[in-house]
Chemist: 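Sending over a structure as structure tokens; questions will come in a sec.
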Amino acid sequence: MRIEGPASRMITLHGRRRECQTIDRLLAAARSGRSGALLVRGAPGIGKSALLDHAIESASGFRVARATGVQSEMELAFAGLHQFCGQMLGRLHRLPGPQRDALSAAFGLTAGAAPDRFLVGLAVLSLLDEVAQDRPLLGVVEDAHWLDQASAQVLAFVARRLHAAPVALLLAVRDPGRPGEFSGIPELELSGLTDADARRLIASAIPGRFDERVRDRIVAEAQGNPLAVLELPRGLTPAELAGGFGLTARQPLTGRIEESFLRRIQALPADTRRLLLIAAVEPCGEPALLWRAAGRMGIGCDAAAPAEADGLIRIGAQVGFRHPLVRSAVHRAASPDECRDAHRAIAEAIDPDVNPARRAWHRAEAALGPDEEVAGDLERSADRAQARGGLAAAAAFLERAAALTPDPARRAQRTLAAAGAKLGAGAPDAALGLLALAEAGPLDALQSAQLEWL
């Protein structure tokens, strides 16, 4: 496990020699022109991100493309794929015409019919091959289990079809994650550290000596999870570390790690917490957008320093949390009003001509109650998503639009449309739930027939 500490001190990977060698072989093959993909699978905190960091640090001479799946973006079609390909789009004009048109439509760069997923997958394959002509390419996708469905399908398609090119692709998923979607990709499953490696990790992370009974209790409670090994001692005072204090297992391990992050967040200055909340609710990781939204809330640039010093967040070319559990802890630390304020600031900071769908989604999250203007924006975003082949995204926009529609007749109409989109996206149970709401009406004769047909 390698984690960046408060003073940018790096903790060495312990107990991961075999896994690092597997990564190194993948990179060596890519250097020699043999492409490959690897699915890194494991529980939260088991060290997936540390291994991906090891790959990036070891990829000397490689171009690196990164993306991170985020739960709040799972309804936005091709959002993860856009993250992954964003820096490569300057080569888009070199792709064969049908592939170029499909990828352009998927990313909303051109208008047209809904893109064929097969053509989008071929386009991404061709784009990776094209970019790798200059130098080897390493693609890294963290939290792939939280990718939107369209992006996950395309990246899995690409991973299974990489051929002779200097390309290495790494995808990290939480176990069990989405087992069917990534089937057929070679896997590297991470297990827990041995007790000996866990003790070495504690010794490297915590200066000074502390009671062996405390250390052994931490090792036992952590169950080989490296993040738990590092985070569980943070809740103990120096006196407790030295005096035989015993931890109590009152909640699942993941919950205890998140509680550790929560305590650290609550100790930060108010503006720092608000800045972390903006970063948590807008997961695209764009520093410029983060600071524009922060400025609208009166938050200065110095607000980031305490969180960066504590190793909770990194703000550089991209904004990144130390671990997804930090993001969830930030949400827990905020009130509903604070969350709405953060969404409102982000919506105001987004150019409606550049990214109308993302702006509409944040406006909806900031809404206090029914709002026809916001609902109309969502409905238009659903039309755009459907034109790009994003049925799941269209369904999400329509469902949210219906919830924010004040007029009963229009609300029933949008709910009926959302049910149809849910069914088209392969979610029949959700569609039935929406149909039950739509049935309350009022519906005209045609809409009643549509309801019965669905």
Side-chain angles (χ1 to χ4, degrees), residues 69-83 105-109 111-115 117 120 146-153 281-284 339-340 343-344 346-438 447 450-451 454:
V70 181
Q71 198 169 13
S72 60
E73 286 204 339
M74 290 182 73
E75 305 295 351
L76 300 178
F78 297 109
L81 192 65
H82 188 267
Q83 263 193 75
F107 291 161
L109 301 175
R117 296 281 174 91
V120 174
W146 280 338
L147 287 171
D148 61 277
Q149 185 181 43
S151 296
Q153 289 174 344
V281 301
E282 176 39 70
C284 63
C339 288
R340 280 191 289 268
H343 281 291
R344 187 176 300 108
I346 294 165
E348 292 170 354
I350 293 174
D351 186 335
D353 296 325
V354 174
N355 206 326
R358 195 183 298 272
R359 180 176 181 269
W361 191 261
H362 283 294
R363 289 187 73 200
E365 293 298 300
L368 277 169
D371 187 318
E372 178 56 34
E373 183 184 347
V374 175
D377 270 355
L378 289 167
E379 188 172 34
R380 288 185 288 274
S381 295
D383 292 340
R384 286 189 292 267
Q386 197 149 7
R388 294 164 52 196
L391 280 176
F397 281 125
L398 286 167
E399 184 177 9
R400 190 76 176 109
L404 291 176
T405 302
D407 178 67
R410 182 166 287 186
R411 182 167 59 247
Q413 176 188 3
R414 286 169 174 163
T415 304
L416 188 60
K422 286 283 187 185
L423 186 61
D429 291 340
L432 285 172
L434 287 168
L435 288 174
L437 294 175
Q447 290 168 339
Q450 288 174 330
L451 186 143
L454 285 169

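Note that the numbering runs from 1 along the sequence shown for the chain. Note that the structure is predicted; figures quoted are calculated from it, not measured.
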Chemist: Side chain of R117, backbone of Q153: donor and acceptor closer than 3.5 Å?
Modeler: no

Chemist: At what distance, to the nearest 0.5 angstrom, does CZ of R363 lie from CZ of R400?
Modeler: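 If I round to the nearest 0.5 Å, the distance is 12.5 Å.
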
Chemist: So how far is it from T415 OG1 to L434 CG, rounded to the nearest 0.5 Å?
Modeler: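 Going from OG1 on T415 over to CG on L434, the span is 6.5 Å.
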
Chemist: Which residues pass the side-chain contact (heavy atoms from CB on, under 4.5 Å) test with A431, sequence neighbours left out?
Modeler: K422, L423

Chemist: What pairs of residues pass the ring-ring contact (aromatic ring centres under 6.0 Å, His included) test when at least one of them lies in residues 396-420, not counting sequence neighbours?
Modeler: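 Found W361-F397.
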
Chemist: Hey, is R380 close enough to D383 for a salt bridge, meaning N to O under 4.0 Å?
Modeler: no

Chemist: Would you name the heavy atoms of I350 and R359 that are closest together and state the gap between them?
Modeler: O-CD, 3.6 Å

Chemist: Taking all non-hydrogen atoms of both residues into account, name the closest pair between A79 and D148 and its distance.
Modeler: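 Nearest pair, atom of A79 first, then D148: N-OD1, 3.2 Å.
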
Chemist: Using the side chain to side chain donor-acceptor pair (under 3.5 Å) criterion, which residues pair with H343? Sequence neighbours excluded.
Modeler: H362

Chemist: Roughly how far apart are R340 CZ and R344 CZ, rounded to 0.5 Å?
Modeler: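 Rounded to the nearest 0.5 Å, the CZ-CZ separation comes out at 8.0 Å.
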
Chemist: In Å and rounded to the nearest 0.5 Å, what is the CG to CG distance from L147 to L81?
Modeler: 9.0 Å

Chemist: Provide the closest heavy-atom pair for L404 versus G369 in the form atom of the first, atom of the second, distance.
Modeler: CD2-O, 3.5 Å

Chemist: Which residue in the set R414, R410, R411 passes side chain to side chain donor-acceptor pair (under 3.5 Å) when paired with T405?
Modeler: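 Result: among R414, R410, R411, R414 is the only option passing the side chain to side chain donor-acceptor pair (under 3.5 Å) with T405.
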
Chemist: Measuring from atom CG of L437 to atom CD of E399, what distance do you get when rounded to the nearest 0.5 angstrom?
Modeler: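 Going from CG on L437 over to CD on E399, the span is 8.5 Å.
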
Chemist: Where do A393 and A385 come nearest, in terms of heavy atoms and distance?
Modeler: CB-CB, 3.9 Å

Chemist: Atom CD in Q149, atom CZ in F78: separation rounded to 0.5 Å?
Modeler: 10.0 Å

Chemist: Minimum heavy-atom separation for L435 to A419, with atom names?
Modeler: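 Scanning both residues, the minimum pair turns out to be CD2-CB, 3.7 Å.
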
Chemist: With a 4.5 Å cut-off on side-chain heavy atoms, are R358 and I346 touching?
Modeler: no

Chemist: Of all the heavy-atom pairs spanning A357 and S381, show the shortest one and how long it is.
Modeler: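 Closest approach of A357 to S381: CA-OG, 3.5 Å.
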
